[in-house]
S.K.: 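Okay, here's the structure, questions in a sec.
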Amino acid sequence: MRHNDGTMKLSWQSALTVSSHFLHGMLHCVRTRLGDKVAAQVLASAAIPHSLLDQPDARLTRQQYVALYRTVAASLDDEMLGLWSRPIRSGTLKYLMLSLLDAPTVLVALNRFVRFWNLLLDDYRLQISTKNNLVRLALVERTAGTHVTPLGHELMMKLIHGIASWLLGREIILHAVEFRFARPRHVDDYAFLYPGEVRFDAGMTSIYFAYQDCAGLFKREKHELWAFLKRAPEDWTFSTLQRASMAARTREYLEQNMAQRLTIQDLAQGLHTSVRTINRRLADEGTHFQSVKDGLRRDIAVHRLTNSNTSVAALAFDLGFSDATGFCRAFKHWTGSSPSDYRKGSRQGE
């Protein structure tokens with residue numbers, strides 16, 4: 001389907017944006033180790049305007065995130081972006097994944113993942129355990145008081161989840177994810193990165209899978225692995241397999257009916273469930289209906305302001321706003337910028 005300006009309509013997955021927290025976190029080591037000049041070159045290579053650094057509520061598109069990750073990894077020769085005690089040199093993920101391919105179950109693969117990773121780092125070790133039909137992988141500090149880098153912990157949990165889901169051929173719904181840091185400002189992003197209950201201020205960062213999922217058999221071939229690695233980090237960060245979380249189902253349903261002013265009652269009817277069930281499951285995932293709806297509209301707006309010449313008035317109408325004024329007010333609340341200023345900043349250097 002095409003919009004009236006000729007641009008292709010985005011699926012909710014490709015329209016997904018993430019907080020500028022990821023921008024600052026990924027760029028930190030480049031600026032510290034290689035200087036601001038190289039950092040500016042990295043931003044340019046990822047088609048990210050420098051002005052986004054000064055906007056605390058700016059958003060990165062999925063494409064910008066992936067390009068930035070790859071460029072930073074190449075610049076530092078570190079597939080985990082300088083976030084751990086030792087660099088994870090280019091090619092590490094490839095050999096890690098090769099060691100998993102002939103494992104009979106996801107659980108065996110996760111045990112190998114843990115042993116492999118524990119050869120690499122001095123600051124943390126991974127620990128795997130099974131209890132009450134749950135499999136837990138935890139980041140355990142090797143020395144008391146080890147510094148916590150939130151982005152490093154976020155990416156490690158996402159890598160574990162992404163690899164396990166890819167091996168099984170479907171996105172694994174998480175029992176829970178716990179982080180050893182306070183609830184961050186960009187917490188709404190977690191509903192789409194970690195499909196399950198998310199907790200903060202935990203004793204250690206951990207991820208919990210159902211034992212039944214981990215006991216699952218899988219069969220993956222090398223040619224499938226090459227494709228997975230070629231797209232990295234996209235497939236392990238943004239699952240392309242199956243989105244079964246309530247936040248994802250909500251976002252998909254709303255995207256299909258974006259021009260309508262849908263309520264949560266309309267959603268419940270469309271998903272053949274109850275409002276109470278939707279609210280409970282969204283709360284478990286750390287979000288709520290209006291937040292998911294606003295996030296979708298924000299993400300589509302960011303994409304179209306960045307990649308098309310759609311007028312602000314037309315965009316407001318397409319997103320279900322009654323007028324452009326209401327849309328402009330909402331967009332400034334979401335990103336800190338007016339739609340016009342955001343478009344201007346996103347096209348610097350074109």
S.K.: Treating Ile, Leu, Val, Met, Phe, Trp and Tyr as nodes and any side-chain heavy-atom pair under 4.5 angstrom as an edge, say whether Met204 and Leu110 lie in one connected cluster.
M.R.: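 Not linked; separate clusters.
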S.K.: If we check side chain to side chain contact (heavy atoms under 4.5 Å, CB included) with Met26, which of these qualifies: Val42, Thr71, Leu81, Leu76?
M.R.: Leu81
S.K.: Does some side-chain heavy atom of Phe113 sit less than 4.5 Å from a side-chain heavy atom of Ile163?
M.R.: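 Yes. Closest side-chain heavy atoms under 4.5 Å.
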S.K.: State plainly whether the residues Asp266 and Arg261 are in salt-bridge range, i.e. N to O under 4.0 Å.
M.R.: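 No, no charged N to carboxylate O under 4.0 Å.
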S.K.: Using the rule that Ile, Leu, Val, Met, Phe, Trp and Tyr join whenever any side-chain heavy atoms are under 4.5 Å apart, tell me whether Leu27 and Val38 fall into a single cluster.
M.R.: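 Both belong to a single hydrophobic cluster.
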S.K.: Nearest 0.5 Å, what's the CG-CZ distance between Leu271 and Arg281?
M.R.: 9.5 Å
S.K.: Can you tell me if Ser19 and His186 form a side-chain donor-acceptor pair at under 3.5 Å?
M.R.: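 Short answer, no.
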S.K.: Starting from the C-alpha separation in whole Å, work towards a yes-or-no answer on side-chain contact (heavy atoms from CB on, under 4.5 Å) for Leu16 and Asp189.
M.R.: CA-CA 9 Å; Leu16 194 66; Asp189 289 351; over 6 Å; no
S.K.: Give a yes or no on whether Phe228 and Tyr95 share a hydrophobic cluster (residues Ile, Leu, Val, Met, Phe, Trp, Tyr; joining criterion: side-chain heavy atoms under 4.5 Å apart).
M.R.: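 Yes, same cluster.
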S.K.: Please report the closest heavy-atom contact between Pro56 and Ser20, naming both atoms and the distance.
M.R.: O-OG, 3.2 Å
S.K.: Evaluate the ring planes of Phe209 and His161, with Trp represented by its six-membered ring, and classify them as parallel (under 30°), tilted (30 to 60°) or perpendicular (over 60°).
M.R.: parallel
S.K.: Flag yes if Leu98 and Val108 sit in one hydrophobic cluster, no otherwise; membership is Ile, Leu, Val, Met, Phe, Trp, Tyr, and two members link when side-chain heavy atoms are under 4.5 Å apart.
M.R.: no
S.K.: Does a salt bridge link Asp299 with Arg251, judged by any charged N lying under 4.0 Å from a carboxylate O?
M.R.: yes
S.K.: Find out whether Phe331 and Ser338 are in side-chain contact, i.e. whether some heavy atom of one side chain is under 4.5 Å from a heavy atom of the other.
M.R.: no
S.K.: Taking atom CD of Glu79 and atom CZ of Arg89, what is their separation to the nearest 0.5 Å?
M.R.: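 The CD atom of Glu79 sits 11.0 Å away from the CZ atom of Arg89.
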S.K.: Check Leu100 against Phe218 and note the closest heavy-atom contact, atom names and distance.
M.R.: O-CZ, 3.5 Å
S.K.: Flag the pair Arg170 and Asp213 as a salt bridge only when some basic side-chain nitrogen lies within less than 4.0 angstrom of an acidic carboxylate oxygen.
M.R.: yes
S.K.: Within 45 degrees of the ring normal and closer than 6.0 Å to the centroid, is that where the cationic atom of Arg297 sits relative to Phe321?
M.R.: yes
S.K.: Is Lys219 reaching over with its side chain to a backbone N or O of Pro104, donor-acceptor style, under 3.5 angstrom?
M.R.: no
S.K.: Give a yes or no on whether the ring-centroid distance for Trp236 and Tyr69 is below 6.0 angstrom.
M.R.: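 Judged by ring-centre distance (under 6.0 Å), Trp236 and Tyr69 do meet the cut-off.
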S.K.: Hydrophobic cluster membership, with links at side-chain heavy-atom distances under 4.5 Å among I/L/V/M/F/W/Y: are Tyr208 and Ile173 in one?
M.R.: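 Shared cluster, no.
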S.K.: How long is the gap from NE2 on His24 to CG on Leu151, to the nearest 0.5 Å?
M.R.: 12.0 Å
S.K.: Do any N or O atoms from the side chain of Glu178 and from the backbone of Arg199 form a donor-acceptor pair under 3.5 angstrom?
M.R.: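 Such a contact is absent between Glu178 side chain and Arg199 backbone.
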S.K.: State the CZ-CD1 distance between Arg276 and Ile264, to the nearest 0.5 angstrom.
M.R.: 13.0 Å
S.K.: Near Phe317 CZ, under 6.0 Å, is it more than 12 heavy atoms from other residues, nucleotides or ligands?
M.R.: no
S.K.: Does the plane of the ring in Phe200 sit parallel, tilted or perpendicular to the ring in Phe181? Use 30° and 60° as the thresholds.
M.R.: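 Rings of Phe200 and Phe181: tilted, 30 to 60°.
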S.K.: Consider only side-chain N and O atoms of Ser129 and Arg136, and report whether a donor and an acceptor are under 3.5 Å apart.
M.R.: no
S.K.: For the pair Asp235 and Lys230, find out whether any cationic side-chain nitrogen is under 4.0 Å from an anionic carboxylate oxygen.
M.R.: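 Here Asp235 does not pair with Lys230 in a salt bridge, since their nearest N and O are not under 4.0 Å apart.
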S.K.: So, for Ala313 and Ala324, which heavy atoms are closest and what is the spacing to 0.1 Å?
M.R.: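 Reported closest heavy-atom pair: CA-CB, 4.1 Å.
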S.K.: Using atom types as modelled and distance alone, determine if a side-chain donor or acceptor of Ser85 lies under 3.5 Å from a backbone N or O of Asp122.
M.R.: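 Yes; judged by distance alone, with no hydrogens or angles, the pair exists.
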S.K.: Less than 4.0 Å between a side-chain N and a carboxylate O, is that true for Lys222 and Glu224?
M.R.: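 Salt bridge between Glu224 and Lys222, a charged N being under 4.0 Å from a carboxylate O: no.
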S.K.: Measure the CE-CG distance between Met156 and Leu126 for me, rounded to the nearest 0.5 Å.
M.R.: 5.0 Å
S.K.: When you measure from the side chain of Asp77 to the backbone of Ala73, do you find a donor-acceptor pair of N or O atoms at a distance under 3.5 Å?
M.R.: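 Side chain of Asp77 to backbone of Ala73: no pair is present.
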S.K.: Of all heavy-atom pairs between Ala210 and Leu134, which one has the smallest distance, and what is that distance?
M.R.: CA-CD2, 4.2 Å
S.K.: Whether the side chain of Gln64 engages the backbone of Ala47 through a donor-acceptor N/O pair (distance < 3.5 Å, no angle test) should be reported.
M.R.: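 Yes, because the side chain of Gln64 sits within donor-acceptor range (under 3.5 Å) of the backbone of Ala47.
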S.K.: Looking at Trp117, does the NZ or CZ of Arg125 lie under 6.0 angstrom from its six-membered ring centre and within 45 degrees of the ring axis?
M.R.: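 Verdict for Trp117: no cation-pi partner in Arg125.
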S.K.: Would you find a donor on one side and an acceptor on the other, under 3.5 Å apart, between the side chain of Glu141 and the backbone of Thr146?
M.R.: yes
S.K.: Considering the options Val177, Val198, Thr287, which one meets the side chain to side chain contact (heavy atoms under 4.5 Å, CB included) requirement together with Tyr190?
M.R.: Val198
S.K.: Rounded to the nearest 0.5 Å, what separation is found between the CG atom of Leu101 and the CZ atom of Arg112?
M.R.: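 Here the rounded value is 9.5 Å.
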S.K.: Are the ring centres of Phe238 and Tyr65 closer than 6.0 Å?
M.R.: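 Close enough - the centres of the two rings lie under 6.0 Å apart.
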S.K.: Are the side chains of Met157 and Leu139 in contact, using a 4.5 Å heavy-atom criterion?
M.R.: yes
S.K.: Which label fits Tyr194 and Phe179: parallel for a plane angle under 30°, tilted from 30 to 60°, or perpendicular past 60°?
M.R.: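 Ring orientation of Tyr194 relative to Phe179: perpendicular.
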S.K.: Looking only at atom types and distance, does a side-chain atom of Thr277 sit under 3.5 Å from a main-chain N or O of Thr273, one as donor and one as acceptor?
M.R.: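 No, because the side chain of Thr277 does not come within donor-acceptor range (under 3.5 Å) of the backbone of Thr273.
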S.K.: Side-chain contact, heavy-atom cut-off 4.5 Å: Ser206 with Leu137?
M.R.: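 They are not in side-chain contact.
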S.K.: Regarding Arg142 and Asp123, does a basic nitrogen lie under 4.0 Å from an acidic carboxylate oxygen?
M.R.: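 Here Arg142 does not pair with Asp123 in a salt bridge, since their nearest N and O are not under 4.0 Å apart.
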